[in-house]
Amino acid sequence: MQVDLNADLGEGMGDDAAMLGCVTSASICCGAHAGGPEVLRATLRAAAERGVVAGAHPGYADRANFGRQVVPMSPAEVERMVAGQVEDAMAAAAEAGTRIAFVKPHGALYNLAADDAEVAAAVARGVRAADAGLVLLGLAGSALLDAGRAAGLQVAAEGVADRAYGPDGRLVPRGAPGAVLHDPAAVVARAVRMVVDGNVTASDGSLLPMAFDSLCLHGDTPGAVQLAMVIRAALTGAGVLVAPFAGPRT
């Protein structure tokens, strides 16, 4: 058994340096929904120094809402937005002496692309336009992964241990009661079950069979670093190899 641990970094929130000691991959903000060019380059350099695989984390350029609200855009506009942000991240990575290996959409774009086939296809086209060798990371069982495969991209399935899942396999919206799980012991046990048992318990108590290549660890919540360390130790203790799903690109 093997799984990657990733965190969304470069957003000016949480302790990025400490999280880089816990994860094997980092989805680094491209500077649109948060962060900025200097933060992007600094986070890329820090990831490279820690041997953490870097990914681009594009999202809606809506800093007021942290990219967590859908911005109405045509599929063509989404494609250009994703391609542009990923290309910016690739250029910053080159300056930092490293490479972008994967792409994970952020926030509202991630959630919309999980269900909307047109948006998912637009995201996949944007990634392919930037570099067809990039891996597309998205919610397990989502339309985004289907679109990535159809576009000829390698894809990786992500799970989120501290978020509630609906019976449809989608994340419960953040504003809904119980959407975010706050009990550290429950989150750790859930993370191990997701990888070892290959399923997740939905909000209605049903078991959803899923395979996960990566688990997302949120770095902007209280106690995030300690929780990440405990999750990693628990996975290792359960016989799971914690390693990147995408190797460094040369």
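FYI, the numbering just counts along the sequence from 1.
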Item to check | Worked check of side chain to side chain contact (heavy atoms under 4.5 Å, CB included) between Leu227 and Leu217 | outcome: CA-CA 9 Å; Leu227 180 60; Leu217 305 178; over 6 Å; no
Checklist outcome for this item: Note: Thr98 and Ala48 closest approach over all heavy atoms is CB-CB, 4.0 Å
Checklist entry - Just by distance, do the side chain of Thr43 and the backbone of Val39 share a donor-acceptor pair under 3.5 Å? => result yes
Next on the checklist: Ignoring hydrogens, what is the shortest heavy-atom contact between Cys30 and Ala89? Give both atom names and the distance.
Outcome noted: SG-CB, 4.0 Å
Checklist entry - Can you find a pair of side-chain heavy atoms, one from Lys104 and one from Cys216, that are under 4.5 Å apart? => result yes
Checklist entry - Got Ser27 and Asn6 here, is their nearest side-chain heavy-atom distance under 4.5 Å? => result yes
Checklist entry - Transitively linked via ILVMFWY side-chain contacts under 4.5 Å: Val86 with Leu109? => result yes
Item to check | Whether Arg63 side chain and Gly31 backbone form a donor-acceptor pair below 3.5 Å | outcome: yes
Next on the checklist: Assigning hydrophobic clusters by single linkage (Ile, Leu, Val, Met, Phe, Trp, Tyr; side-chain heavy-atom cutoff under 4.5 Å), is Leu144 placed with Phe212?
Outcome noted: no
Item to check | Phe102 CZ to Ile28 CD1 distance, which is reported to the nearest 0.5 Å | outcome: 7.5 Å
Checklist outcome for this item: Heavy-atom closest pair (Leu145 atom, Leu136 atom, distance to 0.1 Å) is CD2-O, 4.0 Å
Next on the checklist: Is it the case that the side chain of Glu77 and the backbone of Ser74 share a donor-acceptor pair, with hydrogens and angles ignored and the cut-off at 3.5 Å?
Outcome noted: yes
Checklist entry - Does Met229 CE have over 12 foreign heavy atoms under 6.0 Å away? => result no
Checklist entry - Hey, are the side chains of Val52 and Thr24 touching, using non-hydrogen atoms and a 4.5 Å cut-off? => result no
Next on the checklist: Determine whether Leu153 and Leu134 satisfy the following criterion, side chain to side chain contact (heavy atoms under 4.5 Å, CB included), listing intermediate values before the conclusion.
Outcome noted: CA-CA 7 Å; Leu153 298 172; Leu134 294 168; 5.6 Å; no
Item to check | Whether Asp4 side chain and Asp213 backbone form a donor-acceptor pair below 3.5 Å | outcome: no
Checklist outcome for this item: Output for pair (Leu235 CG, Leu241 CG), nearest 0.5 Å, gives 10.5 Å
Checklist entry - Does any N or O in the side chain of Tyr110 come within less than 3.5 Å of the main-chain N or O of Leu139, such that one atom is a donor and the other an acceptor? => result yes
Item to check | Among Arg68, Met73, His106, side-chain contact (heavy atoms from CB on, under 4.5 Å) partner for Tyr60 | outcome: Met73
Checklist entry - If we only count heavy atoms from C-beta on, is the Val103 to Val123 side-chain gap below 4.5 Å? => result no
Checklist outcome for this item: One should read off an interatomic distance between Leu9 CG and Leu40 CG, to the nearest 0.5 angstrom, of 11.5 Å
Next on the checklist: I'd like to know whether CD of Glu95 has more than 12 heavy-atom contacts from other residues, nucleotides or ligands below 6.0 angstrom.
Outcome noted: yes
Checklist entry - Can you list the steps and then say if Thr201 with Leu207 is a side chain to side chain contact (heavy atoms under 4.5 Å, CB included)? => result CA-CA 5 Å; Thr201 303; Leu207 281 181; 3.4 Å; yes
Checklist entry - Is there a side-chain contact between Leu44 and Ile100, using heavy atoms and a 4.5 Å cut-off? => result yes
Checklist entry - For the residue pair Gly59 and Ala32, what are the closest heavy atoms and their distance? => result O-CB, 3.8 Å
Checklist entry - Can you tell me how far the CG atom of Asp115 sits from the OG atom of Ser142, to the nearest 0.5 Å? => result 8.0 Å
Item to check | Side chains of Val160 and His218 in contact at under 4.5 Å (non-hydrogen atoms) | outcome: yes
Checklist entry - Could you go step by step and tell me if Leu208 and Asn199 meet the side chain to side chain contact (heavy atoms under 4.5 Å, CB included) rule? => result CA-CA 5 Å; Leu208 306 175; Asn199 60 51; 5.8 Å; no
Item to check | Residue pair Arg232 / Val23: nearest heavy atoms and the distance that separates them | outcome: NH1-O, 3.9 Å
Checklist outcome for this item: In terms of heavy-atom contacts, Ala34 and Glu11 come closest through CB-O, 3.6 Å
Item to check | Short side-chain to backbone donor-acceptor contact, Arg174 and Arg163, under 3.5 Å | outcome: no
Checklist entry - Counting distance only, does the side-chain N/O of Asp168 pair as donor-acceptor with the main-chain N or O of Arg170 below 3.5 Å? => result yes
Checklist entry - Do Ile231 and Val180 belong together in a cluster built from hydrophobic side chains that touch within less than 4.5 Å? => result no
Checklist entry - Roughly how far, to the nearest 0.5 Å, is the CZ atom of Arg99 from the CE atom of Met90? => result 6.5 Å
Checklist entry - Do Val240 and Val196 touch side chain to side chain, with heavy atoms closer than 4.5 Å? => result yes
Checklist entry - Tell me, do Asp8 and Cys29 make a side-chain contact under 4.5 Å, heavy atoms counted? => result no
Checklist entry - In terms of hydrophobic clustering (I, L, V, M, F, W, Y; side-chain heavy atoms under 4.5 Å; direct or indirect links), are Val78 and Val155 co-clustered? => result yes
Next on the checklist: Nearest 0.5 Å, please: how far is CE in Met194 from CG in Leu215?
Outcome noted: 5.5 Å
Checklist entry - Under a 4.5 Å side-chain heavy-atom rule over Ile, Leu, Val, Met, Phe, Trp and Tyr, are Leu20 and Val230 clustered together? => result yes
Item to check | Aromatic ring pairing His33/His57, orientation class (parallel under 30°, perpendicular over 60°, tilted between) | outcome: perpendicular
Checklist entry - Under 3.5 Å, side chain of Arg190 to main-chain N/O of Ala161, donor-acceptor pair present? => result yes
